[in-house]
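These notes concern the structure reproduced below.
Just follow the structure's listing: the first ligand is 1, and inside any ligand the first atom is 1. Because the structure is a prediction, the values reported are computed rather than measured. All values below were derived from every heavy atom in this structure, side-chain atoms included, with hydrogens, water molecules and symmetry-related copies excluded.
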Amino acid sequence: MPAHHFIANRQVPATDGQTIPVIDPSDGLAYEQIARGTAADIDQAVQAAHAAMGDSLDGPWARTCARDRGRLLADWGRAVLEHADELAGIEARDTGKTLHTARNDVLALARYFEFYAGACDKLHGDTLPYETGYTVMTVREPHGVTGHIIPWNYPVQIFGRSVGASLAAGNACVVKPAEDASLSTLYLAELAARVGFPAGALNVVTGYGHEAGAALSAHPGIHHISFTGSTVTGQRVAEAAARHHCPAVLELGGKSPQIVFDDADLDAALPVIVNAIIQNSGQTCSAGSRLLVQEGCYETLLSRLAERFRGLRAGPASMDPDLGPLVNQKQFERVRQILAAAQAEGLTEAARGQVAPGAPAQGYYQAPVLFRDVPRDSALAQEEIFGPILIAQSFRTESEALALANGTSYGLVAGVWTRDGARQLRLARQLRCGQVFINNYGAGGGVELPFGGVKSSGYGREKGFEALLGFTTLKTVAIRHGVTD
Ligand code: NAD
């Protein structure tokens, strides 16, 4: 039995009965089937979401007050924790994540639901001073029906930050998970129904991006769309949405720098630098994929890093490796091609980890690689790789570091390692990106911290209270009541 879509709290097969195989990245073998959704399935899900909202905000979900939405999200978060092991197992097998990473993702998901559960009834408008005889207020209302296109790298976390915030704000959701990682999303939809979300509040249609994803972003019944994924697909989604005046939030990845100055605490920086590139096998939008090091500590840091890289092992979850396989054959081949091009360009490989002996030959394992002295304009220094490949470049002055850091088309995240307080503040202001981390990288990924990019990394913010504002539209109500004679 293939896994069906989940629409109006029911499992629904694909209209035309087609399916997509689910491949285990650790051995390249299919172990499940999911429904291959089409425009007809998306339409069915959008209709279900509209029924939950009602034509005039009079549907069962639109009538659920903020307090009760918060209670449902809190119950859902508890259900996630009760099923954490099962959910982590599903996610690890579907994406190739280590069990440890998958479990952390599930804990983060529960935390998103907790955060937005508590935030539902703190979201409000204002009263505005205006002319005598008027009372003017603003009311925060849901957009209506929101679309969510989720990638395969952090399915449950991205689901939590996007769908959690949207439901908290009172929208009904239609979700299209990635064809490579849909099983956890379907499981979460079942859990939502079980804890009492009314039919149509949350709907999931699985399928390919060019079919179900394209149909979702073009559907005129969608009032807001959130997309996380590649720059090219993000552009397509935004163009399709713009044709029906639908606002979009785009989170499109990056080429994020970590800048290390001579006065940095290298012992503290080293493990963080390694983790920021091997976490999730480098398939992280905010991966610290460029290392910019001041010349005084360049050789020391690189030789210590090279030693660490040589000891890293990629393998299946059962071997408790440092990193798992890449998600699919396409990513695997893409990374290999990038590495081959770097070799052809004559770039210097400083160190390479290993694929664990005994890892299945058909798995998509990529050993971590460290490149040094990579020229600024090289593709390796400019383009997102989405694999465990770190490039290092040296700089002399703070302004050189800033020019290198800001010198790509992306602007998602930056890390700065220095003990100089004034320099910390200068760089925090001048780095062109959505998040700056000083003497850390990622701050543990806190759900409270608004996240998103500038330039080709996208626009709009997810996470934190900021995301809730984005999932609402503001209505101004002006009441002319005059004054008492
Ligand atoms: P993608 O952007 O094509 O896929 C992401 C999501 O978009 C998936 O759910 C997919 O089904 C959907 N999609 C694809 N085409 C669509 C379309 N025409 N309309 C609507 N939805 C569509 O990414 P990919 O091909 O899986 O990966 C390619 C590269 O994208 C990666 O190497 C990486 O650089 C980048 N990426 C970034 C992130 C991130 O977190 N920012 C996540 C995944 C991939």
Nearest candidate to [atom], where distance is taken over non-hydrogen atoms, out of [options]:
{"atom": "atom 39 (C) of ligand 1", "options": "Cys285, Pro177, Ala218", "result": "Cys285"}
{"atom": "atom 35 (C) of ligand 1", "options": "Arg236, Glu251, Glu384", "result": "Glu384"}
{"atom": "atom 19 (N) of ligand 1", "options": "Gly229, Ala214, Pro151", "result": "Ala214"}
{"atom": "atom 5 (C) of ligand 1", "options": "Thr228, Thr233, Thr284, Ile385", "result": "Thr228"}

Ion pair present between Glu251 and Arg161, side-chain N to carboxylate O less than 4.0 angstrom?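 Yes, this pair counts.
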Tell me: protein heavy atom nearest [atom], and distance?
{"atom": "atom 8 (C) of ligand 1", "value": "Ile150 O, 3.7 Å"}
{"atom": "atom 41 (N) of ligand 1", "value": "Gly253 N, 3.2 Å"}
{"atom": "atom 44 (C) of ligand 1", "value": "Phe386 CE2, 3.7 Å"}
{"atom": "atom 30 (O) of ligand 1", "value": "Ser230 CB, 3.0 Å"}
{"atom": "atom 26 (O) of ligand 1", "value": "Trp152 NE1, 2.6 Å"}
{"atom": "atom 12 (C) of ligand 1", "value": "Ile149 CG2, 3.6 Å"}
{"atom": "atom 25 (O) of ligand 1", "value": "Lys330 NZ, 2.7 Å"}
{"atom": "atom 40 (O) of ligand 1", "value": "Asn153 ND2, 3.0 Å"}

Given Asp94 and Asp180, is the side-chain contact (heavy atoms from CB on, under 4.5 Å) satisfied, shown in steps? CA-CA 7 Å; Asp94 208 1; Asp180 291 299; over 6 Å; no
Atom indices of ligand 1, in the order listed, that fall short of 4.0 Å to a heavy atom of Lys176: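 The list of qualifying atoms is 9 (O), 10 (C), 11 (O).
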Check each atom of ligand 1 against the heavy atoms of Glu179 and keep those under 4.0 Å away; list them by number with element. 10 (C), 11 (O)
Contact check: [X] vs ligand 1, nitrogen or oxygen atoms, below 3.5 angstrom:
{"X": "Arg334", "value": "yes"}
{"X": "Gly207", "value": "no"}
{"X": "Leu252", "value": "no"}
{"X": "Gln331", "value": "yes"}
{"X": "Phe227", "value": "no"}

Are there more than 12 heavy atoms of other residues, nucleotides or ligands under 6.0 Å from atom [atom1] of [X]?
{"X": "Arg352", "atom1": "CZ", "result": "yes"}
{"X": "His244", "atom1": "NE2", "result": "yes"}
{"X": "Arg376", "atom1": "CZ", "result": "yes"}

Do the non-hydrogen side-chain atoms of Ile389 and Phe371 ever get within less than 4.5 Å of each other? yes
Looking at residues at least two apart in the chain, or sitting in another chain, which of them share a side chain to side chain donor-acceptor pair (under 3.5 Å) with Glu114? Arg111
Excluding sequence neighbours, so at least two apart, what forms side chain to side chain donor-acceptor pair (under 3.5 Å) with Trp76?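 With sequence neighbours excluded, Trp76 shows a side chain to side chain donor-acceptor pair (under 3.5 Å) to no residue whatsoever.
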Where does the angle between the aromatic ring planes of His143 and Phe471 fall among parallel (under 30°), tilted (30 to 60°) and perpendicular (over 60°)?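 Because their plane-to-plane angle is over 60°, the rings of His143 and Phe471 count as perpendicular.
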Has Gln283 got any heavy atom lying under 4.0 angstrom from an atom of ligand 1? no
So, for Tyr441 and Trp417, is the gap between ring centers shorter than 6.0 Å?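 They do not qualify: ring centres at least 6.0 Å apart.
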Could you tell me whether the side chains of Thr231 and Ser456 share a donor-acceptor contact shorter than 3.5 Å? no
Less than 3.5 Å apart, any donor N or O on the side chain of Tyr410 or Ser256 sitting next to an acceptor on the other?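 Not at all, the side chains of Tyr410 and Ser256 share no donor-acceptor pair under 3.5 Å.
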